[in-house]
Undergrad: 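Please see the structure below; I have some questions.
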Protein chains: 2
Amino acid sequence: MTPDPLRLAINQMTTERWTLTEAIEGYARRGVHGIGVWRPKLEECGIAVAARVLRACDMTVTALYRGGMFTTIDRLDFRAALSDSRRAVDEAHAIDAECLVLVAGGLPKGTKDLRGARATVRDAIAELLPYARQANVPLAIEPTHPLLAAERGCVNTLAQAIDLCDQLGEGLGLAVDVHNTWWDPDLEAGIARAGEARLLAFAISDWLVPTRDPLADRGMMGDGVIDIPKIRGWMEATGWCGFCEVAVFSAGNWRKRDPGEVVEVCRERFRTVV
Amino acid sequence: MTPDPLRLAINQMTTERWTLTEAIEGYARRGVHGIGVWRPKLEECGIAVAARVLRACDMTVTALYRGGMFTTIDRLDFRAALSDSRRAVDEAHAIDAECLVLVAGGLPKGTKDLRGARATVRDAIAELLPYARQANVPLAIEPTHPLLAAERGCVNTLAQAIDLCDQLGEGLGLAVDVHNTWWDPDLEAGIARAGEARLLAFAISDWLVPTRDPLADRGMMGDGVIDIPKIRGWMEATGWCGFCEVAVFSAGNWRKRDPGEVVEVCRERFRTVV
């Protein structure tokens, strides 16, 4: 069944040429009422202005991107990453984001200790979590594609992320991005195990064949091989009925187009292939 | 502890410029007595000649590459893939290979049914297995990096491959390639669960940062981020003590060098970083 058009959200990096206020107004004008906000764009705009325009446009912030990148070899850098994530929690609170997405961070430069990096991530989230709970900002761990395990995110499966949730408790959940997770043989099981309360964000795009760079070579829904309706169905089987946030990071294609046209394509594809 | 130099093998695509007989003789001359053989190279050489030179050089064929690529949309193509894999079994038998490596195949062109593709792979292996048992050729399923799930291999974790072994029984095992599997949070557990008898092949190389193409941008051991001694240790903890086969597929670098020099580098790195 076609999803309710009111559940369409767009990650603003899909329309990177727009400022934050341009994106909020540009989405709202075209009937889109959810936005994934990027912190550099938010900083550029200013929190007070952003909050006002969001309210004026009746726009839900489906997620703030991002905190995390905890894996460093340096104790000082670790504290800095934690401080930065605390600021991200404050910002998420200020714009009433449904969650703050955490990208774990990869292998510290010059090291090979993947297990150690994963333990660092656990420790960092444990330390951040009380602060996020006080601010009433849910933290959403985003499993990252294994291709990016070294550079960007050493949490690579839903199972890993849910294990962290189980260990660390309330206030923590998942950001499920189909582009990162579609290949996972345990994706359906992971979604079911996470359960509705921990499914904090759902990002959609498509996997192009071939894909040379999961970070910046994403396809628009329908242009690749991901069975998005099936995965959405697995999400909904848990009771989840949140926003589907289009996250098409495409340096070579979509980012070059007119953002208003891109929003129209998102709307069209949302109706037809999501 | 440094592995016994006699356990060093080299996948011949690491020294692609050499013919099969050149590779066998070139390895043996430098004290390497295991080789991973590629079928197109074997065909070019002829089985009788290959078998004779292998014997003369006291060379173990650690694996024959490859059978598989079972996932097609066409029933005729499926039968053709099976026939091809049966021929591969015959060839593996003829050169006394320790196993035949199976690469599953990705998503059939124009489809999105990953689960269906995985079921096809299971059915195909089930059909191939009796033939391989009769020839006394163990089949080694190679989990493929998730980046290549669509194009090349929809078996992407050790757990998936072991589940297939559990379902289909005797004569089936795993080819563990560190480049495909190093990111897997369940790698150690998977190796332990597989157990010595099902660990049929072990391929080493390194993961470069960044890696744009897992198929042709592999690093020499020591040049990347994989903790190879740790993974080898997990293998050995099961009782396994087979060949470590260097599989550095590097179109832009190692394949361009003098093959003899590449073998010397393999030997050196095997002593120092494996």
Side-chain angles (χ1 to χ4, degrees), chain A residues 106-118 143-161 163-164 178-189 206-215 217 219 221-222 224-231 234 273, chain B residues 106-118 121 143-161 163-164 178-189 206-215 217 219 222 224-231 234 273:
Chain A
L107 276 175
K109 267 213 167 62
T111 74
K112 305 185 180 192
D113 183 8
L114 195 51
R115 188 168 292 181
R118 286 164 172 164
T144 308
H145 195 285
L147 176 67
L148 298 167
E151 290 129 299
R152 194 171 164 76
C154 60
V155 174
N156 306 106
T157 63
L158 262 66
Q160 258 183 296
D163 286 347
L164 286 169
V178 299
H179 202 265
N180 282 317
T181 60
W182 72 279
W183 60 272
D184 187 343
D186 297 323
L187 182 55
E188 181 180 10
D206 216 332
W207 183 271
L208 300 177
V209 176
T211 284
R212 290 299 170 216
D213 180 1
L215 216 49
D217 186 26
M221 300 84 71
V225 299
I226 304 178
D227 189 340
I228 302 171
K230 181 173 280 177
I231 300 176
W234 294 339
V273 296
Chain B
L107 276 175
K109 266 212 168 63
T111 75
K112 304 186 180 192
D113 183 8
L114 194 52
R115 189 169 291 182
R118 287 165 172 162
V121 171
T144 308
H145 195 284
L147 177 68
L148 298 168
E151 290 130 297
R152 194 171 164 78
C154 61
V155 174
N156 306 105
T157 62
L158 262 67
Q160 259 183 294
D163 286 348
L164 286 169
V178 298
H179 202 264
N180 282 316
T181 60
W182 72 279
W183 60 272
D184 187 344
D186 296 324
L187 181 55
E188 181 180 10
D206 217 332
W207 183 272
L208 301 177
V209 176
T211 284
R212 290 299 170 216
D213 180 1
L215 216 49
D217 186 26
V225 299
I226 304 178
D227 190 341
I228 303 171
K230 181 173 279 177
I231 300 175
W234 294 339
V273 295

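Note that these values count all heavy atoms, side chains included, but never hydrogens, waters or copies made by symmetry. Chain A is the first sequence line, chain B the second, and so forth, proteins listed ahead of strands; every chain is numbered from 1. Computed from a predicted model, the values in this text were never measured in an experiment.
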Undergrad: Which pair of heavy atoms, one from A:P185 and one from B:Q160, lies closest together, and at what distance?
TA: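 That would be CG-OE1, 3.3 Å.
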
Undergrad: Would you name the heavy atoms of B:L114 and A:W182 that are closest together and state the gap between them?
TA: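 Distance-wise, the nearest heavy atoms are CD2-O, 3.4 Å.
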
Undergrad: So what's closer than 4.5 Å to chain A heavy atoms on B:D113: side chain, backbone, both or neither?
TA: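 Side chain only.
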
Undergrad: So which atom in B:T211 and which in A:L147 form the shortest heavy-atom distance, rounded to 0.1 Å?
TA: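 Reported closest heavy-atom pair: O-CD1, 3.7 Å.
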
Undergrad: Top residue by heavy-atom pair count (under 4.5 Å) with chain A, among B:T111, B:D186, B:D184, B:D227?
TA: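 Maximum pair count with chain A is reached by B:D227.
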
Undergrad: A:W183 and B:T157: which non-hydrogen atoms are nearest, and at how many Å?
TA: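 Taking A:W183 first and B:T157 second, the nearest heavy atoms are CZ3-CG2, 4.2 Å.
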
Undergrad: Among all residues two or more places apart in sequence or in another chain, which pass the side-chain contact (heavy atoms from CB on, under 4.5 Å) test with B:P143?
TA: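 Partners of B:P143 by the side-chain contact (heavy atoms from CB on, under 4.5 Å) criterion, ordered by chain and then number, come out as B:L158, B:A161, B:T181.
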
Undergrad: Checking B:K109 now: which residues fulfil side-chain contact (heavy atoms from CB on, under 4.5 Å) with it, not counting sequence neighbours?
TA: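 None.
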
Undergrad: Counting only heavy atoms closer than 4.5 Å, note whether B:W207 contacts chain A via side chain, backbone, both or neither.
TA: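 When you check distances to chain A, only side chain atoms of B:W207 fall under 4.5 Å.
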
Undergrad: Would you mind checking which part of B:D206 comes under 4.5 Å of any heavy atom in chain A, side chain (CB onward), backbone (N, CA, C, O), both or neither?
TA: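 B:D206 touches chain A through side-chain heavy atoms alone.
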
Undergrad: Measure across A:I226 and B:K112 and return the closest heavy-atom pair with its distance rounded to 0.1 Å.
TA: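 So the two residues come closest at O-CD, 3.5 Å.
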
